Amino acid sequence: MILNIHFKCPCCSGSQYRTSAFDVSEKNPYGAKCIFCKSTMLFSRTNNIKKTVIA
């Protein structure tokens with residue numbers, strides 16, 4: 001099973017991010033920050049989570 005998680009920046013609508021253990025907090029459990037404006041990324045719930053079975 002492959003789980004795809006998509007993030008979206010609330011400030012610049014970017015979707016490129018970096019993760020860091022130093023940025024993990026209660027409000028940012030994944031530690032994801034936008035590479036453009038350094039805002040905390042939000043989990044995008046609009047995308048469907050797809051299951052892919054590799055046999």
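It should be emphasised that the depicted structure is a prediction, and the values quoted were computed from it without experimental measurement.
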Check: What's the shortest heavy-atom distance between Lys38 and Lys33, and which atoms?
Finding: O-CD, 3.7 Å
Item checked: Minimum heavy-atom distance Ile35-Arg18, with the two atoms named -> CG2-N, 3.9 Å
Note to self: For Asn28 versus Asp23, what's the shortest heavy-atom pair and its separation?
What the structure shows: ND2-O, 3.4 Å
Notebook entry, point to check: Below 4.5 Å, heavy atoms only, C-beta onward: do Cys9 and Cys37 meet side chain to side chain?
Noted result: yes
Next item on the list: Could you tell me whether a side-chain N or O of Lys8 sits under 3.5 Å from a main-chain N or O of Ser13, the two making a donor and an acceptor?
Entry: yes
Note to self: Test of understanding: clusters of I, L, V, M, F, W, Y form through side-chain heavy atoms closer than 4.5 Å, transitively. Do Tyr17 and Phe43 belong to the same one?
What the structure shows: yes
